[in-house]
Amino acid sequence: MNLIERYITKNDCYRNNVNKADSRYTTFQTRGPIGLMLHSVGTPQPSAKIFADGWDVSGKEVAVHAVLQADGTVYQCLPWNFRGWHAGDDANNTHIGVEMTEPSQIRYTGGANFTVSDLAAAKQQAEGTYRTAVELFAMLCRAYSISPDAIISHAEGSRQGIASNHADPEHLWKGLGLGYTMDSFRRAVKAKLEEKPDDTDNEQEEDEAMNKEQIISTLGDQYIRTFDELPEWAKPELREMLDLGLINGGTTADKNPDDINMLLSDLRVAIVAYRAFRMMEEKDRA
């Protein structure tokens with residue numbers, strides 16, 4: 001998932017939050033969200049950026065927290081603890097609202113009905129937005145300690161009397177024959193939350209570090225991390241250089257005063273330069 005912060009600062013909803021227009025905004029900001037609402041944009045446009053850009057004007061009566069697309073890109077339009085304008089009713093006071101973009105291959109014929117020019121391509125796009133939404137909603141559930149059971153669609157919100165009369169996003173999934181439901185979505189988010197952290201990145205970093213050590217060893221060099229790893233011949237002058245702050249190992253001296261983090265070959269060059277400096281200094285004093 002690629003989360004892009006793209007706040008719609010010109011939108012009246014955003015400004016109402018900044019100005020703390022009334023208690024609905026201050027309450028949401030203080031308490032945070034207690035539920036998540038999933039929407040679908042209701043128009044054949046797969047680009048999330050187009051919506052984010054289009055909402056960034058005064059006079060718009062829509063302001064969602066985020067809009068996402070099939071490739072994993074998410075445009076965050078409001079801070080998560082801002083009250084949004086996405087539900088058309090009381091759910092604005094309690095829920096984060098997220099829109100999924102829709103396939104360019106559909107054409108609405110009235111209400112929630114549409115035709116499809118390329119079913120395979122349309123399914124692929126909708127499957128991508130579903131996966132992205134699952135990942136985003138799992139992240140939000142973790143961040144705000146929200147149960148997946150507190151996730152609803154706009155259509156479910158309408159039936160509960162806390163959102164305007166919309167059919168999304170279930171109408172899109174049903175119309176494309178995908179078999180997704182809000183129950184399957186909630187289960188998918190729950191499964192995502194139960195996944196163990198991916199250690200692939202850590203393993204890759206460890207492998208890269210080992211490869212660097214092997215290369216350094218092959219070249220007959222040595223990587224010196226701390227003062228204690230120095231050969232005895234280098235310690236007297238390196239001690240002086242550390243105390244003078246000439247070598248700091250990329251860390252703050254007050255926390256790790258003996259960090260070196262340099263190749264021994266580079267330290268030899270530094271010691272030679274330090275010796276030359278001292279010789280010139282002594283010559284000047286004489």
Side-chain angles (χ1 to χ4, degrees), residues 1-8 13 17 24-41 48 51-52 62-101 126-163 166 168-170 172-173 178-202:
M1 183 174 66
N2 178 27
L3 183 59
I4 299 171
E5 186 179 287
R6 201 292 188 211
Y7 291 160
I8 49 177
C13 177
N17 277 277
R24 296 173 301 170
Y25 298 94
T26 56
T27 298
F28 198 103
Q29 291 173 24
T30 303
R31 182 205 58 218
I34 60 175
L36 308 175
M37 181 173 283
L38 183 63
H39 301 262
S40 189
V41 292
F51 289 100
V62 175
V64 302
H65 291 85
V67 56
L68 59 86
Q69 60 191 46
D71 67 356
T73 302
V74 179
Y75 283 84
Q76 183 182 353
C77 302
L78 296 174
W80 304 120
N81 68 334
F82 272 22
R83 178 182 184 269
W85 294 349
H86 59 90
D89 211 319
D90 288 345
N92 286 338
N93 300 325
T94 53
H95 286 61
I96 285 175
V98 175
E99 292 274 5
M100 297 183 294
T101 58
E127 288 166 352
T129 57
Y130 183 92
R131 288 191 298 268
T132 305
V134 167
E135 188 171 357
L136 175 63
F137 275 54
M139 183 199 81
L140 292 170
C141 283
R142 286 194 191 97
Y144 290 98
S145 300
I146 295 172
S147 167
D149 293 333
I151 297 171
I152 60 175
S153 68
H154 196 153
E156 288 177 324
S158 176
R159 291 193 290 273
Q160 293 175 21
I162 59 172
H166 280 236
D168 61 299
E170 294 99 313
L172 181 68
W173 301 335
L178 287 172
Y180 296 148
T181 65
M182 283 306 298
D183 285 336
S184 73
F185 184 82
R186 285 183 280 266
R187 287 194 298 269
V189 173
K190 183 178 180 181
K192 193 73 176 176
L193 287 167
E194 293 172 351
E195 286 182 3
K196 293 181 179 179
D198 187 1
D199 293 329
T200 303
D201 292 340
N202 292 335

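- Distance alone, capped at 3.5 Å, places no donor-acceptor pair between the T129 side chain and the Q69 backbone.
- Taking CG from D168 and CG from L38, the interatomic distance works out to 8.0 Å, rounded to the nearest 0.5 Å.
- Formation of a donor-acceptor pair under 3.5 Å by the T27 side chain with backbone atoms of R24 is not found in this model.
- Rounding to the nearest 0.5 angstrom, the gap separating the CD atom in E135 from the CG atom in L3 is 10.0 Å.
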Pairs of donor and acceptor atoms involving the side chains of residues 93-100, under 3.5 Å and at least two apart or interchain, shall be tabulated with distances.
unit_1	atom_1	unit_2	atom_2	d
N93	OD1	R83	NE	2.6
N93	OD1	R83	NH2	3.1
T94	OG1	A91	O	3.4
E99	OE1	S40	N	3.4
E99	OE1	V41	N	3.2

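- The aromatic rings of W80 and H65 sit parallel, their planes meeting at an angle under 30°, below the 60° perpendicular limit.
- Closest heavy-atom contact between A66 and V74: CB-CG1, 3.9 Å.
- A distance of 10.0 Å separates CG in L36 from OG in S147, rounded to the nearest 0.5 Å.
- By the 4.5 Å heavy-atom criterion applied to side chains, I146 and L140 are not counted as neighbours.
- Side-chain contact, D71 with T73: a donor N or O sits under 3.5 Å from an acceptor N or O.
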Could you check C141 against I151 for side-chain contact (heavy atoms from CB on, under 4.5 Å), going step by step and ending with a plain yes or no? CA-CA 9 Å; C141 283; I151 297 171; 4.1 Å; yes
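- Among residues two or more places apart in sequence or in another chain, the salt bridge (Lys or Arg N to Asp or Glu O under 4.0 Å) test is passed with E127 by none.
- Closest approach of F28 and F82 over heavy atoms only: CE2-O, 3.2 Å.
- When all heavy atoms of A133 and L68 are compared, the closest pair comes out as CA-CD2, 3.7 Å.
- Summarising the geometry, atom CG belonging to L78 is positioned 11.0 Å from atom CD belonging to E5; distances are rounded to the nearest 0.5 Å.
- Residues R186 and M182 form a side-chain contact, since some pair of their non-hydrogen atoms from C-beta on lies under 4.5 Å apart.
- Screening E170, H39, H86 against H154 for a side-chain hydrogen bond (donor to acceptor under 3.5 Å, both in side chains) leaves a single residue, H39.
- Across every non-hydrogen atom of P148 and L193, the tightest pair is CG-CD1, 3.6 Å.
- Nearest approach of Y25 to C13, heavy atoms of both residues: CE2-O, 4.4 Å.
- To the nearest 0.5 Å, the span separating SG on C77 from CD1 on I4 amounts to 10.5 Å.
- The ring pair (Phe, Tyr, Trp, His ring centres under 6.0 Å) test applied to W173 returns Y130, Y180, not counting sequence neighbours.
- The distance from the CD1 atom of I8 to the CZ atom of F51 is 13.0 Å, given to the nearest 0.5 Å.
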